[in-house]
Amino acid sequence: MTARTRFAPSPTGYLHIGGVRTALFNWLFAKQNGGQFILRIDDTDQKRNVETALKPILDGFRWLGMDWDEGPEVGGPYGPYYQSERSKRYEEGVATLLEKGLAYYDYAHPEELQAERQAAEKEKRPFLYSRRFMADTDEKKEAFEAEGRKAVVRLKMPREGNCSFVDLVRGEVSFEWAQEQDHVIQRNDGTCLYHLATVIDDHDFKITHVIRAVEHLSNTPRQIFIAQGLGYDIPEYAHLPYVAEPNGKNKLSKRKIPHYLKNREFKKVYDHGVTIANRLGFAEDAETFNPVLVDFYEKTGYLPSAILNYLALLGWSLDGETEDFSVDDLIKHFTLERVTKAPAGFDPQKLWAFQDRFMQRLSTADKVFAMLPFLINSGLLSKEDAELETEKERLGQIIEACGDRLKVMGDLLEYADFFYVSNANLVYNEKDFKKRLLKENADLLLEKLISRIDSIESFDTKSIENSLRTFLEEEGLKMGEIVHPLRIGTTGKGVGPGIFDSLSILGKEVCLARLQQTLERIRSAMGVRKQP
RNA sequence: GGCCCCUUCGUUCAGUGGUUUAGGACUCCGGCCUUUCACGCCGGCAACACGGGUUCGAAUCCCGUAGGGGUCACCA
């Protein structure tokens, strides 16, 4: 089977995580069947700045590695791929439908229609337009126009029988035609509406499988009606459950971020992202920077493969056990038949777990490559220095020392910044400083440590550890008693990578200088304390 | 309100008439490891919405109830 699928984003300026999931299923399905994935831009409603509003969306897809075979920027044989440029095709469609008597000019004012609707509601019967203002002859047209009325074009929907079709995830679905309204397909200004446009586009682009969110399920009969009217083959349909909000049943929505922020897990992931954003020097508000948008993950340094793996499992599974999928695995195993029917809640914590897993597998070299931009953008490393092999090597050491503590690329900034700041700019965590260093004889201990460290000749991790362990024996101390003072004294932090690694990477000179500086800090703090 | 859809641990995904004392993962709770924080390891809590059928036997099939959602635009 050769499959052609599509995803049709509106240029809204952001890429929604739920949208990505829909796009992903389309993409996987196309890839699996050796077909094409097409991006079509639904910009019939947009006034201007389509390119600006589209860029973040395309960037998002590119970042995720979801390439499109046809669409904006890459073109393709069936373009244009922007709906705003396809109005001619839509007008042709309207003409055909009109000719076949499957659509009609309607001269009703919106208020008149509204009145009918309300009357029906009052009588508790389903609304069906009376077609009072339908003009199926030229005479009627002229008469209505003489009244100063303007026409829209409506579908002349069947009023009996059923529309049945097979949905690849839901099975056989059936609707009564009489439930369908005579939808407008062309406005009185001549522009055409979505349902017509989407059917014509799908046909023109030779889409074989329409895989979209379930909110379109009840739109399907009218689209089938249009397609049949136009003599098109009906594509296969697959309606995906929507992605629900964390701990909720409602559809995940960008507009409800303040509400989601009340959710502990969601908040945690959000706060973590904000911390990184601050380090990077961009202070965006929750409106444009939050875990519902793909951009959030790109900026904070998640791995696309982790996100894709998580998203694929939001409403799909191979079996009850397998969770671990590479992108290639997904392409190989994905099936619409195993897509769930019920909506799945977005769980940022579970995503986090995938991220953790993928991060652990990433090689040091790959991490170096990915983290370098973060160092540069945060100002911790200059662009020129970032080019240096020695710096890359050092970053590799730092990353290895940090080990599994780095969950996303941006974590480096919070976790290992002390490797990059000057001694004078070292920031001390006051709470830890007080807890670990402002106590009896802390200064004396530090003095001893300084002289011991000064005596270490080869400043590698192993030598440092050996030397300090000897020190412990000589002094009758436990590891915990020197690790904390040393860590805060050299890194300013209460938590961090292994201390021997940290010291070694920092280098003897820097360690001594920082410890000396810390010693003075302790004495001045203690002095101040004693004064009153 | 009409129509359509959905309903298994807190979350997510299995389970399609007996292999099920309903399984995996995340979370959570214990414990171990340990130089902090992570990681890792071991263990634990925890669900078939409800009510009727059908059947020797139902989470699995049927009907109903309840709850949730989608859709009913000159939006997409």
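Below, chain A is the first sequence line, B the second, and so on; all start at residue 1.
- Counting non-hydrogen atoms under 4.0 angstrom, A:Phe127 reaches nothing in the nucleic acid.
- At a threshold of 4.0 angstrom between heavy atoms, the contacts of A:Asp189 with the nucleic acid are absent.
- Of the N and O atoms on the side chains of A:His209 and A:Asn26, not one donor lies less than 3.5 Å from an acceptor on the other residue.
- For the segment residues 342-351 of chain A, residues with any heavy atom less than 4.0 angstrom from an atom of RNA chain B are, sorted by number, A:Ala342, A:Ala344, A:Gly345, A:Asp347, A:Gln349, A:Lys350.
- Residue A:His195 places a side-chain atom within donor-acceptor reach of the base of B:rA76, judged by atom type and a 3.5 Å distance cut-off alone.
- Side-chain proximity of A:Asn247 to B:rG23, B:rU11, B:rC3: nearest is B:rU11.
- The residue A:Arg436 sits apart from the nucleic acid: no heavy atom pair falls under 4.0 Å.
- Here the CG-CG distance, from A:Leu486 to A:Leu468, works out to 6.0 Å after rounding to the nearest 0.5 Å.
- Taking atom C1' on both B:rC4 and B:rG40, the two are 49 Å apart, rounded to the nearest angstrom.
- Taking the C1' atom of each, B:rG15 and B:rC61 are spaced 16 Å apart, rounded to whole Å.
- Contact annotation: the side chain of A:Thr220 never approaches that of A:Phe175 to less than 4.5 Å [non-hydrogen atoms, C-beta and beyond].
- Contact between the side-chain N/O atoms of A:Ser10 and the OP1/OP2 oxygens of B:rA76 is not found at any separation under 4.0 Å.
- Distance noted for atom P between B:rC62 and B:rU54: 15 Å (whole Å).
- Shown for residues 474-484 of chain A: residues whose heavy atoms fall under 4.0 angstrom of RNA chain B, namely A:Met479, A:Val483, A:His484.
- Taking 4.0 angstrom as the limit, A:Asn250 places a side-chain polar atom (N or O) nearer than this to OP1 or OP2 of B:rG69.
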For this session: Please step through side chain to side chain contact (heavy atoms under 4.5 Å, CB included) for the pair A:Leu406 and A:Lys367, ending with a clear verdict.
Result: CA-CA 10 Å; A:Leu406 303 176; A:Lys367 286 184 189 171; 5.7 Å; no
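- Between A:Arg132 and A:Glu112 there is no salt bridge, since none of the side-chain N atoms of the basic residue sits less than 4.0 Å from a carboxylate O of the acidic one.
- Among B:rC72, B:rA25, B:rC5, the nucleotide with an atom closest to any side-chain atom of A:Gln181 is B:rC72.
- The CZ atom of A:Phe29 sits 8.0 Å away from the CZ atom of A:Phe334 when rounded to the nearest 0.5 Å.
- A cation-pi arrangement, defined by a distance under 6.0 Å to the six-membered ring centre and an angle within 45 degrees of its axis, is present between A:Arg21 and A:Phe25.
- Contact check, A:Arg187 against B:rC75: a side-chain N or O comes under 4.0 Å of OP1 or OP2.
- A:Arg361 and A:Asp324 are joined by a salt bridge, as a carboxylate oxygen and a charged side-chain nitrogen come within less than 4.0 angstrom of each other.
- With A:Tyr14 as the aromatic partner, A:Lys254 meets the cation-pi criteria of under 6.0 angstrom to the ring centre and within 45 degrees of the ring axis.
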Exercise. Would A:Arg436 and A:Arg487 count as a side chain to side chain contact (heavy atoms under 4.5 Å, CB included) if you check the C-alpha gap in whole Å, the side-chain angles of each, and the deciding distance to 0.1 Å?
Worked result: CA-CA 10 Å; A:Arg436 303 293 192 185; A:Arg487 174 170 288 117; over 6 Å; no
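- Taking side-chain N and O atoms only, A:Arg338 has no distance below 4.0 Å to OP1 or OP2 of B:rC13.
- Distances shorter than 4.0 Å separate none of the side-chain N or O atoms of A:Thr191 from OP1 or OP2 on B:rC74.
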Show the distances under 3.5 angstrom between N or O atoms of the protein and N or O atoms of nucleotides 38-41 of chain B.
residue	atom	partner	partner atom	Å
B:rA38	O2'	A:Asp404	O	3.3
B:rA38	O2'	A:Lys407	NZ	2.9
B:rC39	O3'	A:Gln360	NE2	3.1
B:rC39	O2'	A:Asp404	OD2	2.4

